Structures are given as structure tokens and as C-alpha cells.
2 protein chains.
Amino acid sequence: MERPTRILDAAGRLTIRFGFDKTTMDDVAKEAGVSKGAIYLVWQGKEELIDALIEFEMKKLMLDLRRRIIADENCDSIAALYRQTLLAIQQNSLISALYTRDGKILGDFVHRQNPERYTRRLLMSKESVSAMQSAGLLRDDLSADVITYLFSLMALGFLSINSVIPVENAPPIDSTVGAIAAMVESGLTKPGGNRTLIKDSTIQMLDLLIEQYEKRDRNEH
Amino acid sequence: MERPTRILDAAGRLTIRFGFDKTTMDDVAKEAGVSKGAIYLVWQGKEELIDALIEFEMKKLMLDLRRRIIADENCDSIAALYRQTLLAIQQNSLISALYTRDGKILGDFVHRQNPERYTRRLLMSKESVSAMQSAGLLRDDLSADVITYLFSLMALGFLSINSVIPVENAPPIDSTVGAIAAMVESGLTKPGGNRTLIKDSTIQMLDLLIEQYEKRDRNEH
DNA sequence: ATATGACCAAAATCGAATAATTGGTCAAAA
DNA sequence: TTTTGACCAATTATTCGATTTTGGTCATAT
């Protein structure tokens with residue numbers, strides 16, 4: 001594994017355990033098995049390292065989501081897509097924390113910086129929802145804005161509910177996301193419509209995003 | 001207005017503004033226009049006052065919800081019921097904070113006490129969901145547990161999303177709850193079924209709960 | 001009977017001085 | 001050239017006594 005990647009990996013591990021605040025450059029260096037100076041050979045400072053870490057995790061998320069969608073042969077509906085998206089985000093503690101604004105992980109760090117910088121909206125943008133409406137895949141008696149908001153709201157609830165209802169009282173994750181997907185399927189999508197392209201076009205979009213991350217990586221070194 | 005009620009009112013106002021921690025007994029007395037001793041004539045201490053405040057707000061919530069359901073002549077579906085519930089909770093800052101575990105309002109106080117004491121599960125219990133399934137009102141291909149969880153999860157998302165997406169970027173509340181209700185209607189409920197009793201039986205249940213609060217009030221003084 | 005607010009002990013807060021840690025650098029080592 | 005880790009200024013954490021605030025009481029006033 002490349003050295004910068006090893007460093008980001010270490011930074012990620014420590015950030016999930018201790019949060020941005022309590023993770024020091026020294027810790028990262030030690031965890032990655034390199035000297036502190038080595039970090040500064042790649043990034044300008046802690047802020048740049050964290051930015052890179054988030055990009056790194058976003059890229060990991062996109063790759064994971066891509067893998068999931070390809071593996072799921074029934075992934076030909078928006079509901080199924082949404083379900084894989086939820087599962088992928090939930091697996092990535094850092095992006096999850098970023099999305100739910102988990103104070104434990106974000107700490108004061110993001111608050112001191114421009115907090116807007118550390119918000120991720122993730123897929124299901126207004127534009128794509130709008131496009132899916134036009135394609136007859138989503139019900140169109142609700143505005144694209146509201147549907148997008150609904151997707152965000154359910155994701156937030158799903159990702160943060162375990163701090164309100166302890167996991168031992170919660171149903172298994174699979175049945176929860178399954179139920180969300182079932183509700184979305186019959187509650188937000190439109191029967192019929194041309195579904196054959198959903199999977200392919202989503203993967204294409206993911207490829208585009210992943211390509212962008214890789215291009216940025218190359219430019220920065 | 002009764003004096004204990006005036007005190008609870010003052011306590012509520014201050015708690016919403018400053019949280020449990022920063023609200024002192026002196027402040028409450030001053031805000032209520034009574035002496036500090038007067039509070040201790042009614043309650044044993046701060047903890048008891050806060051407990052009473054929460055009961056008080058829960059009762060207000062129930063009364064408000066009752067009023068809403070009666071006023072809404074189309075309130076003959078679970079979706080419509082859920083919608084009024086969300087609106088009612090959202091209007092009550094304190095219960096809302098309790099539900100979402102808003103650290104800003106709860107402060108260290110509830111953490112020092114038994115935190116379980118300060119969690120409210122609110123309507124849509126497993127039992128009532130199960131009953132509605134038996135009555136053919138909710139789809140039964142999803143377990144009552146999961147549907148209950150879904151209701152909790154959406155409520156949590158709805159009540160806490162404004163700290164993730166700023167209100168200026170959010171759709172109006174009415175259209176949001178409207179969309180949630182629409183999604184629940186076609187995504188979780190079953191077409192047909194005997195709806196005529198939904199409204200009446202819910203009001204009956206609320207009356208029972210409200211009666212319990214009033215009985216407890218009478219016993220305590 | 002009822003209500004008050006001065007009063008008290010305990011807890012929280014402040015402030016300044018001290019100690020420890022942190023992000024970042026760079027001369028020296030590899 | 002590439003990498004290191006001792007080093008530094010600056011920020012942050014800690015200590016601890018002084019001060020203030022807080023929850024709670026009760027002799028007194030109404």
C-alpha cells in the first residue's frame with residue numbers, strides 16, 4: 001500500500017475512535033509507522049490531512065456502493081438503490097458521523113473551521129430526483145424538493161436512531177433497511193416506468209465521481 | 001392560572017431557552033413571580049420539578065394532539081394521524097428535545113440522573129401497530145416491530161434534520177409532513193379496512209392518557 | 001395557614017500560574 | 001534525495017485557592 005494511503009488509513013482509524021480533536025499528528029504518524037515529518041511531506045497541515053481523509057473515505061464509500069449495486073442483481077429500482085446507499089453509508093463510520101453531525105467524532109474542529117465544508121449531501125440530489133420523476137420512476141404529485149428532503153430525513157433517522165433506541169431493542173439492520181426500501185417502493189416510486197437503465201446509469205454516475213476523486217488525487221501529488 | 005402551573009410554565013420557558021443545567025431554581029421563581037420557597041412547597045427539589053415539567057408538557061402535547069385530531073375532519077387514516085402527531089411534537093420544543101436527545105437542552109442533568117428516565121417513546125407503540133395490523137389497516141408483510149421502528153426513525157429524522165439542513169434550504173413544514181403522510185399512506189397502510197373507528201378510538205386512547213396525567217396531578221398535591 | 005427571602009453548606013465557576021501537549025519546522029541522518 | 005525526530009512557539013490542559021452561584025431550609029412576616 002502507498003505511504004499516503006497508509007497514513008490516511010491510520011488517520012481514519014484514530015478519528016473514528018477518538019474524534020478529530022483528540023487525534024494528533026503524532027498519533028497518526030505512530031499509528032501509520034512513519035515519522036511526523038513524513039505527513040508534512042504530503043500535506044500542508046492537519047486541516048489538509050483531514051480534508052484528504054474525508055475525500056478518501058468518500059471514495060471508499062463510492063467504491064463500496066458500486067460494488068454493492070453490481071452484486072445485487074435485483075438492484076433495478078430506486079428503492080433498492082436507496083437501500084444499498086443506506087447500508088454503504090452506515091458501514092462507513094466517518095461519513096456516517098459527517099452526515100449526522102456526530103459531535104463525538106467531529107468535535108470542535110469542524111466548528112472552528114467553516115462547518116459547511118464538512119457537510120456531505122451524498123446521492124439522491126434534487127437533480128437526480130427530478131430526472132427520475134421525468135423518467136416516470138418516482139411519483140410526481142410530490143415536488144422533487146420534498147422527495148429529496150424525505151430521502152435525507154429518513155437517512156438521518158436511520159443513521160442516528162441507535163443513539164435514541166439502544167441496538168438491543170432495535171430490529172436487525174437488514175430488516176430495517178428492507179422495510180424502508182419496501183415503504184419507498186410502494187410509497188414513493190411509480191409502478192411501471194423503464195427500470196432497465198437504473199442500475200447501469202447509477203454505476204456510470206458512480207464511475208464518474210470515482211474518476212473525479214482519482215483525478216484530484218493525481219493532481220495533488 | 002394556578003400557582004404550580006405558573007411555576008411549571010416559567011420552568012418550561014427557561015428550560016427551552018437555557019436548558020436544564022443553566023436553569024436555576026432562583027430563575028424559575030423570579031420568572032414565575034414567586035419566591036423560591038414557594039417552589040419547595042409544591043415539589044421536593046429540582047429533580048421533582050423537572051419530572052413534573054415533563055409530565056406537564058406531555059399532557060399539553062396530548063391535549064394539543066387531541067385538539068388537532070378533532071379539528072382535522074380527514075383524520076381517518078393512520079397516515080393522517082401520524083402527520084398530526086409529528087406536527088404536535090414538533091410544536092413542543094421540550095418534548096422534541098427529549099425525543100431527539102438534544103444535548104443543548106438536556107445538558108448534563110439527564111446524564112447525571114438515570115438517562116432512561118428522560119426518554120419518551122410517544123404514540124405508535126408496538127402494541128397499537130400490532131392492533132392496527134390485525135384490523136387490516138397496516139400492511140402485514142412487515143413485522144410490527146419494524147413498522148414501529150420505521151415510525152420512530154422517520155420522526156427522529158423529521159425532528160432533527162434542521163440541524164443538518166438549514167431551514168432556509170428546507171421545504172415548508174406542512175409540505176414535508178404532507179409528503180411523509182403521503183408516503184406512509186401508500187407505503188405502509190393497507191387500502192380498504194375499517195377506517196371509521198380510527199379517529200374515535202385514538203381520541204379515546206388520548207382521553208385515557210390525559211385522565212391518567214390528571215389523576216397523578218391530584219394525587220401529588 | 002401560607003408565603004417569603006435572608007441564610008447556609010455544597011457545588012460550580014473563575015483566574016492565574018504552572019505543566020503538558022500539539023502543530024509545525026528543519027538540521028542532520030540515511 | 002528522502003526521511004527522520006529533536007526542537008520550538010503556541011496552544012491547551014491542569015491545578016488549586018478564591019469567589020460566586022446554587023439547591024435547599026426555616027425563622028419570620030403576612
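Every value quoted in this text rests on a predicted model; they were computed, and no experiment measured them. Proteins come first, then strands; the chains are lettered A, B, ... in the order of their sequence lines, and each starts at number 1.
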Check whether [X] reaches the backbone of [Y] with its side chain - one donor and one acceptor, N or O, closer than 3.5 Å.
X        : Y        : value
B:Gln133 : B:Leu142 : yes
A:Tyr99  : A:Ser152 : yes
A:Ser175 : A:Pro171 : no

Interface with DNA chain D, restricted to residues 11-37 of chain B and to heavy atoms under 4.0 Å: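 Only B:Thr23, B:Thr24, B:Met25, B:Lys36 qualify.
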Rounded distance in Å - [atom1] ([X]) to [atom2] ([N]):
X        : N      : atom1 : atom2 : value
B:Glu48  : D:dG23 : CD    : P     : 13 Å
A:Asp108 : D:dA13 : CG    : P     : 9 Å
B:Ile39  : C:dA3  : CD1   : P     : 13 Å
B:Leu49  : D:dG24 : CG    : C1'   : 13 Å
A:Arg6   : D:dT3  : CZ    : P     : 11 Å
B:Leu41  : D:dC26 : CG    : P     : 13 Å

task: Using five base pairs at each end, measure the axis-to-axis angle across the helix from C:dA1-D:dT30 to C:dA30-D:dT1 and round it to 10 degrees.
output: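 Here the local axes at opposite ends form an angle of 30°.
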- prompt: Please walk me through it: do B:Thr15 and B:Val28 pass side-chain contact (heavy atoms from CB on, under 4.5 Å)?
  reply: CA-CA 9 Å; B:Thr15 301; B:Val28 173; over 6 Å; no
- prompt: The side chain of B:Tyr40 lies closest to which of these nucleotides: D:dG23, D:dT4, C:dT4?
  reply: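 Of the options given, the side chain of B:Tyr40 lies nearest D:dG23.
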message: As a test of reading the structure: which of D:dG23, C:dA3, D:dT4 is closest to the side chain of B:Arg3, going by heavy atoms?
response: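 Shortest atom-to-atom distance from the side chain points to C:dA3.
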- request: Inspect the contact between B:Lys30 and B:Asp26 and indicate whether a charged nitrogen and a carboxylate oxygen are less than 4.0 angstrom apart.
  value: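 Salt bridge: no.
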- prompt: Does the pair A:Asp72/A:Arg68 count as a salt bridge with the N-to-O cut at 4.0 Å?
  reply: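 Here A:Asp72 does not pair with A:Arg68 in a salt bridge, since their nearest N and O are not under 4.0 Å apart.
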Donor-acceptor side-chain pairing of [X] and [Y] below 3.5 angstrom:
X        : Y        : answer
A:Asn169 : B:Tyr149 : no
A:Thr24  : A:Asp27  : yes
A:Ser128 : A:Ser125 : yes

